[in-house]
Student: 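Sharing a structure, written as structure tokens. Questions coming.
The structure displayed is predicted, hence computed values, not measured ones. Heads up: numbering here begins at 1 and tracks the sequence.
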Amino acid sequence: QVQLLESGGGSVQAGGSLRLSCAVSEGIYNKYRMGWLRSGLGKEREGVAAIDSDGSTKYASSVKGRFTVSQDNANRILYLQMDSLKPDDTAMYYCAADSRPIWDVPLGEKWSPNYRGQGTQVTVSS
């Protein structure tokens with residue numbers, strides 16, 4: 001059974017930090033490229049960050065230098081550390097799994113992964 005379960009969202013002021021977590025089922029962990037996408041009000045679903053099983057990462061230009069994606073292989077948990085948050089980062093954030101090579105995962109644009117979780121809301125106030 002495929003399961004992606006996010007947690008860690010919340011409300012924070014601009015400049016603050018949040019860390020999102022995603023518990024990943026054994027069936028897809030290390031078999032897919034993992035990452036995060038977000039969907040803001042009135043905005044298209046956008047890929048934010050991705051990580052491969054070897055730990056290589058890539059980011060959308062809008063979050064590069066502020067967000068860090070990582071994984072805990074022993075516990076099958078994906079993380080997204082978000083620093084220097086901006087009001088534009090306000091969105092529902094989803095954990096995602098994609099069968100494509102990491103260089104084909106679309107970030108900074110619409111991303112339709114093979115699987116995604118139910119999402120966790122992040123709200124950044126100015």
Side-chain angles (χ1 to χ4, degrees):
Q1 182 181 358
V2 173
Q3 187 173 22
L4 300 168
L5 185 61
E6 303 94 338
S7 61
S11 297
V12 65
Q13 288 192 322
S17 298
L18 282 173
R19 188 176 80 157
L20 307 183
S21 300
C22 174
V24 183
S25 59
E26 187 174 8
I28 59 175
Y29 194 83
N30 277 340
K31 297 180 178 66
Y32 287 75
R33 263 47 63 196
M34 303 301 302
W36 295 88
L37 60 89
R38 65 186 181 186
S39 181
L41 189 62
K43 298 179 182 178
E44 207 167 65
R45 192 171 55 235
E46 171 194 38
V48 172
I51 186 167
D52 209 341
S53 56
D54 64 357
S56 57
T57 58
K58 61 184 284 189
Y59 299 91
S61 58
S62 59
V63 306
K64 197 169 187 178
R66 300 189 297 121
F67 289 12
T68 303
V69 60
S70 62
Q71 55 194 7
D72 176 350
N73 290 324
N75 295 295
R76 297 195 308 275
I77 299 176
L78 183 72
Y79 297 104
L80 184 67
Q81 176 67 40
M82 304 185 294
D83 298 317
S84 302
L85 282 161
K86 305 175 182 179
D88 276 352
D89 295 318
T90 295
M92 184 73 81
Y93 283 73
Y94 301 90
C95 180
D98 201 298
S99 59
R100 288 172 282 190
I102 192 169
W103 56 83
D104 276 348
V105 174
L107 301 183
E109 57 187 279
K110 184 177 179 180
W111 180 16
S112 297
N114 295 87
Y115 303 102
R116 66 176 174 89
Q118 293 298 308
T120 185
Q121 178 67 35
V122 171
T123 302
V124 184
S125 58
S126 56

Student: Indicate yes or no: at least one non-hydrogen side-chain atom of I28 is less than 4.5 angstrom from one of L4.
Tutor: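 Sidechains of L4 and I28: in contact.
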Student: Would you say the side chain of T120 lies within less than 4.5 Å of the side chain of L20, judging by non-hydrogen atoms?
Tutor: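 Answer yes - side chains close enough.
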Student: Taking the side chain as every heavy atom from C-beta outward, state whether L37 and E46 have any pair of such atoms under 4.5 Å apart.
Tutor: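 When only atoms from C-beta onward are counted, E46 and L37 do not touch, as no gap falls below 4.5 Å.
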Student: Using the benzene-type ring in the case of Trp, are the ring centres of Y32 and Y115 under 6.0 Å apart?
Tutor: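 Yes: the rings meet the under 6.0 Å criterion.
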Student: With the threshold set at 4.0 Å, does a side-chain nitrogen-carboxylate oxygen contact exist between D88 and K86?
Tutor: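 Salt bridge absent between D88 and K86.
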Student: Has Q13 got more than 12 heavy atoms of other residues, nucleotides or ligands less than 6.0 Å from its CD?
Tutor: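 Open.
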Student: At what distance, to the nearest 0.5 angstrom, does CH2 of W111 lie from CH2 of W36?
Tutor: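 With rounding to 0.5 Å, CH2 (W111) is 10.5 Å from CH2 (W36).
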Student: As an exercise, state the distance from OG of S53 to CD of Q71, rounded to the nearest 0.5 Å.
Tutor: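 Between S53 OG and Q71 CD, I get 7.5 Å after rounding to 0.5 Å.
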Student: May I have the step-by-step check of side chain to side chain contact (heavy atoms under 4.5 Å, CB included) for L78 and S21, ending in yes or no?
Tutor: CA-CA 6 Å; L78 183 72; S21 300; over 6 Å; no
Student: Do I77 and V2 share a hydrophobic cluster, counting only Ile, Leu, Val, Met, Phe, Trp and Tyr and linking them when any side-chain heavy atoms are less than 4.5 Å apart?
Tutor: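 No, I77 and V2 fall in different hydrophobic clusters.
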Student: Using a 4.5 Å cut-off on heavy atoms from C-beta on, say whether the side chain of S25 contacts that of R76.
Tutor: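 Side chain of R76 against side chain of S25, heavy atoms only: no contact under 4.5 Å found.
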Student: So which atom in S126 and which in P87 form the shortest heavy-atom distance, rounded to 0.1 Å?
Tutor: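 That would be CB-CG, 3.9 Å.
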Student: With distance as the sole criterion, is a donor-acceptor pair present between the side chains of S112 and R45 under 3.5 Å?
Tutor: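 Per modelled atom types, S112 and R45 side chains form a pair under 3.5 Å.
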Student: Should we count NZ of K110 as having more than 12 external heavy atoms under 6.0 Å?
Tutor: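 Open: at most 12 neighbouring heavy atoms sit under 6.0 Å from NZ of K110.
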Student: Are the side chains of S11 and Q121 in contact, using a 4.5 Å heavy-atom criterion?
Tutor: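 A side-chain contact is absent here, since even the closest heavy-atom pair is not under 4.5 Å.
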Student: Below 4.5 Å, heavy atoms only, C-beta onward: do R38 and S62 meet side chain to side chain?
Tutor: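 Touching, per the 4.5 Å side-chain cut-off.
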Student: Starting at CG of D83, measure out to OG1 of T68 and round the result to the nearest 0.5 Å.
Tutor: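 One finds 6.5 Å between CG of D83 and OG1 of T68.
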Student: Find out if a path of hydrophobic residues (ILVMFWY) with successive side-chain heavy-atom gaps under 4.5 Å connects V105 to V69.
Tutor: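 As far as the 4.5 Å side-chain criterion goes, V69 and V105 are not connected within one cluster.
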Student: Would R19 count as a cation-pi partner of Y79, with NZ or CZ less than 6.0 Å from the six-membered ring centre and within 45° of the ring normal?
Tutor: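 Yes; both conditions hold, so R19 lies above the ring face of Y79.
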Student: Distance check, rounded to the nearest 0.5 Å: E6 atom CD versus Y94 atom OH?
Tutor: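 Going from the CD atom of E6 to the OH atom of Y94 covers 8.5 Å.
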Student: Does the side chain of D89 come within less than 4.5 Å of R66's, by heavy atoms?
Tutor: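 With C-beta onward as the side chain, the pair touches.
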Student: When you check the gap from the basic side-chain N to the acidic O, do R33 and D104 get nearer than 4.0 Å?
Tutor: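 No salt bridge links R33 with D104.
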Student: Nearest 0.5 Å, please: how far is SG in C22 from OH in Y93?
Tutor: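 The distance works out to 15.0 Å.
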Student: Please evaluate residues S70 and Q81 with respect to the criterion side chain to side chain contact (heavy atoms under 4.5 Å, CB included), reporting the C-alpha separation (whole Å), side-chain torsions for both, the decisive distance (0.1 Å), and the verdict.
Tutor: CA-CA 8 Å; S70 62; Q81 176 67 40; over 6 Å; no
Student: To the nearest 0.5 Å, how far apart are CE in M92 and CD in Q118?
Tutor: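 Reported value, rounded in 0.5 Å steps: 9.0 Å.
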